[in-house]
Structures are given as C-alpha cells and as structure tokens.
Novice: 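Pasting a structure below so you can have a look.
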Amino acid sequence: MRHGDFQRYRGYCSRRLRRLRKTLGFKMGNRHKFTGKKVTVDMLSDNRYLLLILMDAERAWSYAMQLKMEANTEPRKRFHLTSRLRKAVKHGEKLERLCESDRVDAKTKLEAQAYSAYLNGMLQFEQQQWQAAMKAFNKCNWFSRVCRKKRFLIACYEQYLLQNHGGDAECGLGSAEDDEAKERLFESVLSECRDAIQSVREELKAEQRQRDAVMDGEMGKVSTLQYLHSYLSYIKLSTAIQRNESMASALQKALLRQPQTEEDGKRTARPQDLIRLYDIILQNLAELTQLPGLEDDQSFQKEIVLKTLVYKAYRCFFIAQSYVLVKKWSEALVLYDRVLKYAKEVQAQTGNKKSNIKELPDVQELIKQVNAEKYSLQAAAILDTTVNTEEVSPYQAKENKPLLERLDNFCLDPSLVTKHARIVPFPPDFHPIPCKPLFFDLALNHVALPSLEDKLEQKAKSGLTGYIKGIFGFRS
C-alpha cells in the first residue's frame with residue numbers, strides 16, 4: 001500500500017480471506033459446487049466474521065484501484081473499474097448494517113459508517129457525481145474525526161465503569177485504606193474526565209461548523225457528540241459528588257472523635273468546612289439537571305430532586321451546629337426545624353423507607369440526631385440564661401456610665417487606668433439657665449399726641465415770604 005502496489009494488496013486480501021474462511025469453517029462449497037453463505041447478526045459473537053465482509057470490500061476496492069491505474073492507457077477498463085467499486089460499496093453497506101447490532105461497540109460502528117461513506121464517495125467520484133461525492137466524503141471525514149477522539153474517550157468511560165460498577169471497585173475505592181488514597185483515586189478519575197470533555201468540546205466546535213455541509217436528513221437529528229459530552233459531564237459531576245461526600249464523612253468522624261482544639265499546629269475540623277462541601281454538592285446537582293439530553297428524563301430529574309433535599313438537610317444541620325458553637329440558640333433551633341422539614345419531604349417521596357439510591361445518606365439517622373440535638377440545645381439555652389442572670393451584679397457588671405455618676409457603687413473597671421477613662425460626662429449635657437428679658441412698648445398705640453397744625457402754618461408762611469423776597473432781590 002505504501003508503494004501503490006494494489007495488485008499485491010489484492011492478493012493479500014484474497015489469501016487472508018481464504019485463511020479466515022478455513023479457520024471459521026465458513027467455506028463456500030467445494031471445488032465442484034459453489035454454496036453461498038451469508039454472515040448474519042447471530043454470528044457476530046466472533047468478530048472475525050466482520051473481517052470476512054471487510055476483506056471482500058478491500059479486495060474489490062484494491063482491484064478497482066489497480067484498474068484505475070491501468071485505465072490511463074486502456075480507457076475501456078474504466079467500466080470494469082466502476083463495476084468493482086459498486087461491489088466494494090455493496091460490501092461496505094453490508095458491513096455497516098451488521099455493525100448496527102448491539103453486539104458491536106460504538107467505535108466500530110463509527111468506523112464502519114466512515115468506511116462505507118468513503119467507498120460510496122469513491123464510486124460517486126468515478127461517476128462524476130460531484131455533489132454526491134462531496135457529501136459522502138464530508139460524512140466520512142466527520143465520522144473519522146469522531147473515531148480518532150472516541151478511542152481515547154471510550155477508554156475513559158470503560159475505566160470509570162470498571163472502577164465504580166465492575167470487579168475493580170473492590171480493588172479501587174473500596175480497597176483504599178485511608179482518605180488520602182481515596183482522594184488520589186477520585187482525582188485520577190476527574191482528571192481523565194476533564195481531558196475527555198476537553199476533547200469532545202473541540203469536536204463539538206468542528207461539528208458545528210460542518211453540520212450544514214454534511215447530509216441534512218441524517219445529521220439534522222440530535223448530535224451523538226452532544227450526548228457524549230453530557231455523559232462525560234455526568235461522570236465528572238457524579239464523581240465530584242462522591243468525592244465531596246467521602247470528605248464530608250471523614251470530617252463528620254473527625255468532629256465526633258476530637259475536641260475543638262488545635263493539635264500539633266493543625267486546624268481541627270469545623271462545621272463550616274462541612275457547609276462548604278455540601279454547597280459544592282448542591283451546585284453539582286444543579287448542573288446535572290441542566291445537562292443537554294436529560295431534560296425530559298423524569299426518573300433522572302426525580303432522583304436529582306431527592307438528592308438535593310437530602311443534601312440540603314445535611315447542610316442546614318451543620319449550619320445549625322455552627323450557630324450552637326457561638327450560642328445563637330434561636331437561630332440554631334429554626335435551622336433544626338428546617339432540617340426536619342427537608343427530611344420529612346424525603347420520607348414522603350421514598351415512602352418512609354430507606355432510599356434505594358446508591359450512596360445516598362440515610363435521613364432517618366439524621367432525624368434522630370436532630371431530635372437529640374434539639375433537646376440538648378434547649379437545655380443549654382436555659383442554663384446559659386440562668387448563668388448570665390446570676391453573674392450580673394453591680395460589682396461585676398460594667399456599666400456604660402462615667403465615674404462621677406457611680407461613685408456609690410464599687411466596680412472593677414480597667415478602663416479607668418487607660419487613656420480613654422470616662423471620669424465625667426463629656427461633652428456636658430445642656431441645662432436650662434435664665435436669659436436677658438425682652439421689653440415691648442405696648443402703651444404707644446394708646447397715647448394721644450398733641451396737634452401740631454399751628455406750627456405747620458407758620459413754617460409755610462415764612463417759606464413763601466422768603467421766596468418772594470428772593471425774586472425781587474430784597475434779601476437781607
């Protein structure tokens with residue numbers, strides 16, 4: 001094949017086809033009589049029967065390529081070339097139909113579809129059907145790109161399924177003796193999922209650009225790559241939920257067995273750490289409901305709703321625990337009631353029976369724990385109120401008054417020897433003081449003034465005489 005010797009490759013296909021038929025006992029009669037046999041779906045338990053169809057197609061294709069090279073000098077061989085290509089297309093379509101069986105894995109199905117599309121494109125090209133040839137070659141290219149990536153992806157799912165659902169589960173997560181070993185296993189699976197999802201995303205971008213160019217009828221349906229992306233995302237999110245649940249279980253055990261003190265410089269477990277883990281779990285569950293292709297799956301959506309209620313109950317429980325540590329009794333009591341509400345909703349959906357969902361925490365144990373914590377909380381709240389009442393006294397309570405106003409009561413106040421000691425109230429408070437009186441002349445409106453008319457007439461006369469004297473020049 002590297003040297004373009006198709007005649008030699010055709011001989012190899014014939015010899016291998018003969019060996020396969022002899023090994024499988026699938027002979028076409030004897031020397032004197034031909035007896036035709038067909039490969040059926042029931043024979044696919046042995047994959048060598050598929051090789052029989054493949055070798056028939058390869059032999060016909062290689063003969064056609066040999067005739068194509070000879071047709072440069074002998075044009076009439078082009079008719080025989082077309083006949084051999086039709087034979088190869090016939091075998092390729094038969095191989096594609098057989099690979100539609102459930103006994104064939106997804107990678108082989110894609111390879112068979114790509115191979116059939118390639119042979120069909122070669123035939124259309126030789127018949128100068130350019131549009132049909134372009135459509136077939138585009139289809140072959142699309143399936144070939146998917147096959148190259150899917151070889152890695154299928155290895156990722158099979159590895160995941162074996163570790164979580166197959167015989168390797170016991171030697172995987174189940175055999176991990178400590179939490180660090182489990183964490184490494186979880187990170188390994190998550191890393192593989194992230195790599196696989198990135199590869200599928202790249203293929204989805206290429207598929208989006210090529211979808212219009214490929215066959216409209218067949219490629220217009222829901223994309224296989226989109227389902228593949230959803231499946232990988234489901235694996236990643238489910239694994240992340242299992243990892244966080246494992247970490248939460250370890251933290252719960254640490255909270256029960258150790259006092260709330262720091263040892264060897266290490267920070268001890270706190271309820272706040274569990275709250276963060278359950279927040280991440282709830283976020284992952286919300287992302288699961290939004291995966292494309294799973295919106296109409298009622299069973300899956302119901303399972304996610306049930307899991308969300310369970311993890312909400314545990315999240316509220318540890319928030320209440322964090323409030324108990326700071327002696328916020330009323331807030332903790334309200335949250336405990338919310339935990340019971342979520343737990344009862346879960347029991348209503350599961351019929352008061354233990355949930356059959358794998359690795360889902362049991363809410364019945366949570367209800368018992370919440371009831372016990374409520375009684376303890378009420379007792380602690382009563383004791384805390386009594387102690388606070390007994391401790392309050394004029395000699396121990398620090399009042400927010402200056403020293404001048406509490407001279408009769410002895411109180412140990414360390415602030416008196418600091419720079420901010422309150423000796424006197426400052427600034428001082430305002431006090432009422434007398435002010436300068438205001439006088440109003442109320443009698444003026446009732447006084448009768450003397451008449452001044454006689455004085456006004458004398459003034460007017462002296463004024464007129466002076467004016468006349470001034471005109472005639474009799475001024476003194």
Side-chain angles (χ1 to χ4, degrees), residues 1-24 26-40 43 47-100 108-145 147-148 210 213-215 217-218:
M1 291 294 293
R2 289 195 300 267
H3 304 288
D5 192 348
F6 295 104
Q7 183 177 4
R8 184 178 178 185
Y9 179 65
R10 181 166 65 95
Y12 163 77
C13 292
S14 299
R15 291 190 298 273
R16 188 174 184 188
L17 189 60
R18 191 181 305 113
R19 289 195 299 269
L20 285 171
R21 287 175 178 170
K22 183 178 180 180
T23 303
L24 295 172
F26 197 77
K27 297 182 178 180
M28 301 291 187
N30 49 36
R31 296 181 180 179
H32 308 286
K33 183 179 180 182
F34 174 78
T35 304
K37 293 183 180 180
K38 293 184 179 180
V39 178
T40 61
M43 301 177 181
N47 57 8
R48 289 178 295 180
Y49 285 100
L50 290 176
L51 289 178
L52 289 174
I53 310 299
L54 178 62
M55 288 296 104
D56 280 332
E58 284 290 287
R59 184 173 62 173
W61 171 82
S62 60
Y63 194 10
M65 295 299 101
Q66 176 188 347
L67 293 172
K68 184 176 182 180
M69 297 179 65
E70 296 174 355
N72 294 327
T73 56
E74 302 178 49
R76 289 194 58 83
K77 288 190 176 182
R78 187 168 295 275
F79 297 102
H80 196 187
L81 157 68
T82 305
S83 175
R84 289 293 90 191
L85 279 179
R86 287 197 185 97
K87 191 72 172 178
V89 169
K90 180 179 178 181
H91 289 302
E93 292 175 349
K94 183 178 180 181
L95 178 65
E96 182 180 0
R97 287 193 301 271
L98 288 173
C99 288
E100 292 176 356
T108 306
K109 291 179 181 180
L110 290 173
E111 290 176 343
Q113 291 173 359
Y115 183 68
S116 177
Y118 170 76
L119 294 177
N120 188 29
M122 291 294 296
L123 176 61
Q124 300 295 336
F125 182 82
E126 293 298 330
Q127 293 178 341
Q128 299 183 359
Q129 302 291 332
W130 314 121
Q131 190 68 25
M134 179 62 70
K135 189 174 293 186
F137 283 134
N138 282 333
K139 183 179 178 181
C140 173
N141 183 36
W142 185 85
F143 281 120
S144 299
R145 289 171 60 85
C147 279
R148 286 196 298 270
Q210 296 183 4
V214 190
M215 299 176 64
E218 295 183 5

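Keep in mind it's a predicted model, so treat the numbers as computed, not measured.
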Novice: For Gln66 versus Phe6, what's the shortest heavy-atom pair and its separation?
Specialist: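 Reported closest heavy-atom pair: N-CB, 4.0 Å.
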Novice: Please evaluate residues Arg97 and Lys94 with respect to the criterion side-chain contact (heavy atoms from CB on, under 4.5 Å), reporting the C-alpha separation (whole Å), side-chain torsions for both, the decisive distance (0.1 Å), and the verdict.
Specialist: CA-CA 5 Å; Arg97 287 193 301 271; Lys94 183 178 180 181; 3.8 Å; yes
Novice: CE/Met65 to CZ/Arg84 distance, rounded to the nearest 0.5 angstrom?
Specialist: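 Between Met65 CE and Arg84 CZ, I get 12.5 Å after rounding to 0.5 Å.
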Novice: First locate atom CZ of Arg18, then atom CG of Leu20, and finally report the distance between them rounded to the nearest 0.5 Å.
Specialist: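 Result: 11.0 Å between the selected atoms.
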Novice: Does any part of the side chain of Asn47, heavy atoms only, come nearer than 4.5 Å to the side chain of Thr108, both counted from C-beta?
Specialist: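 Counting from C-beta outward, Thr108 and Asn47 never come under 4.5 Å.
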Novice: Listed by chain and number, what are the salt bridge (charged side-chain N to carboxylate O under 4.0 Å, His left out) partners of Arg48, not counting sequence neighbours?
Specialist: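 With sequence neighbours excluded, Arg48 shows a salt bridge (charged side-chain N to carboxylate O under 4.0 Å, His left out) to Asp46, given in chain and number order.
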Novice: Given 3.5 Å as the limit, does a donor-acceptor pair link the side chain of Asn141 with the main chain of Phe137, or not?
Specialist: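 No, Asn141 side chain to Phe137 backbone: no donor-acceptor pair under 3.5 Å.
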Novice: Apply salt bridge (charged side-chain N to carboxylate O under 4.0 Å, His left out) to Arg59 and list each qualifying residue two or more places apart in sequence or on a separate chain.
Specialist: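 Partners of Arg59 under the salt bridge (charged side-chain N to carboxylate O under 4.0 Å, His left out) test: Asp56.
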Novice: Who pairs with Arg86 by side-chain hydrogen bond (donor to acceptor under 3.5 Å, both in side chains), at least two apart in sequence or on another chain?
Specialist: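 For Arg86, no residue satisfies side-chain hydrogen bond (donor to acceptor under 3.5 Å, both in side chains) once neighbours in sequence are set aside.
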Novice: Enumerate the salt bridge (Lys or Arg N to Asp or Glu O under 4.0 Å) contacts for residues 114-123, please, sequence neighbours excluded, ordered by first and then second residue.
Specialist: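 Listed by first then second residue: nothing to list.
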Novice: Once rounded to the nearest 0.5 Å, what's the spacing between atom CG of Leu50 and atom CD of Glu111?
Specialist: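 The CG atom of Leu50 sits 11.5 Å away from the CD atom of Glu111.
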Novice: Cys140 and Ala114: which non-hydrogen atoms are nearest, and at how many Å?
Specialist: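 Minimum heavy-atom contact is SG-O, 3.3 Å.
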Novice: Quick one about Glu58 and Tyr9 (side-chain donor to acceptor, distance below 3.5 Å, no hydrogens or angles considered), yes or no?
Specialist: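 Tyr9 vs Glu58: donor-acceptor pair found between side chains.
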Novice: CG of Leu85 to CG of Leu67: how many Å apart, nearest 0.5 Å?
Specialist: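 Rounded to the nearest 0.5 Å, the CG-CG separation comes to 9.0 Å.
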Novice: Could you note down all residue pairs passing ring pair (Phe, Tyr, Trp, His ring centres under 6.0 Å) where residues 63-88 supplies at least one of them, sequence neighbours left out?
Specialist: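 Listed once each, the pairs are Tyr63-His80.
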Novice: Please, which pairs that meet salt bridge (Lys or Arg N to Asp or Glu O under 4.0 Å) have at least one residue in residues 115-129, sequence neighbours excluded?
Specialist: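 Sorted pair list: Lys68-Glu126, Arg78-Glu126.
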Novice: Provide the closest heavy-atom pair for Leu81 versus Ala64 in the form atom of the first, atom of the second, distance.
Specialist: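 Scanning both residues completely, I find the closest heavy atoms to be CD1-O, 2.9 Å.
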Novice: Hey, is CD on Gln127 packed in by over 12 heavy atoms from elsewhere, all under 6.0 Å?
Specialist: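 Counting neighbours around CD of Gln127, more than 12 heavy atoms of other residues, nucleotides or ligands fall under 6.0 Å, so yes.
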Novice: Quick check: closest heavy atoms across Met55 and Leu17, and the distance to 0.1 Å?
Specialist: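 It is CB-CD1, 3.8 Å.
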Novice: From Gln113 CD over to Glu96 CD, what is the distance, rounded to the nearest 0.5 angstrom?
Specialist: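 So the CD of Gln113 and the CD of Glu96 are separated by 5.0 Å.
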Novice: Taking the side chain from Asn138 and the backbone from Lys135, do they hold a donor-acceptor pair closer than 3.5 Å?
Specialist: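 Side chain of Asn138 to backbone of Lys135, a donor-acceptor pair under 3.5 Å: no, none is there.
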Novice: Quick check on Lys90: does its NZ atom have over 12 non-hydrogen neighbours (other residues, nucleotides or ligands) under 6.0 Å away?
Specialist: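 For Lys90, atom NZ is not crowded (no more than 12 foreign heavy atoms under 6.0 Å).
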Novice: Give the intermediate values and the outcome of side-chain contact (heavy atoms from CB on, under 4.5 Å) for residues Met122 and Tyr118.
Specialist: CA-CA 6 Å; Met122 291 294 296; Tyr118 170 76; 3.7 Å; yes
Novice: Looking at every non-hydrogen atom in both residues, tell me the closest pair between Ala57 and Leu119 and how far apart they are.
Specialist: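 In terms of heavy atoms, the two residues are closest at CB-CD1, 4.4 Å.
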Novice: List the steps, then state whether side-chain contact (heavy atoms from CB on, under 4.5 Å) holds for Tyr12 with Arg8.
Specialist: CA-CA 6 Å; Tyr12 163 77; Arg8 184 178 178 185; over 6 Å; no
Novice: What closest approach, in Å, do Tyr49 and Met43 show between heavy atoms, and which atom pair accounts for it?
Specialist: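 Where Tyr49 meets Met43 most closely, the heavy atoms are CD1-O, 3.1 Å.
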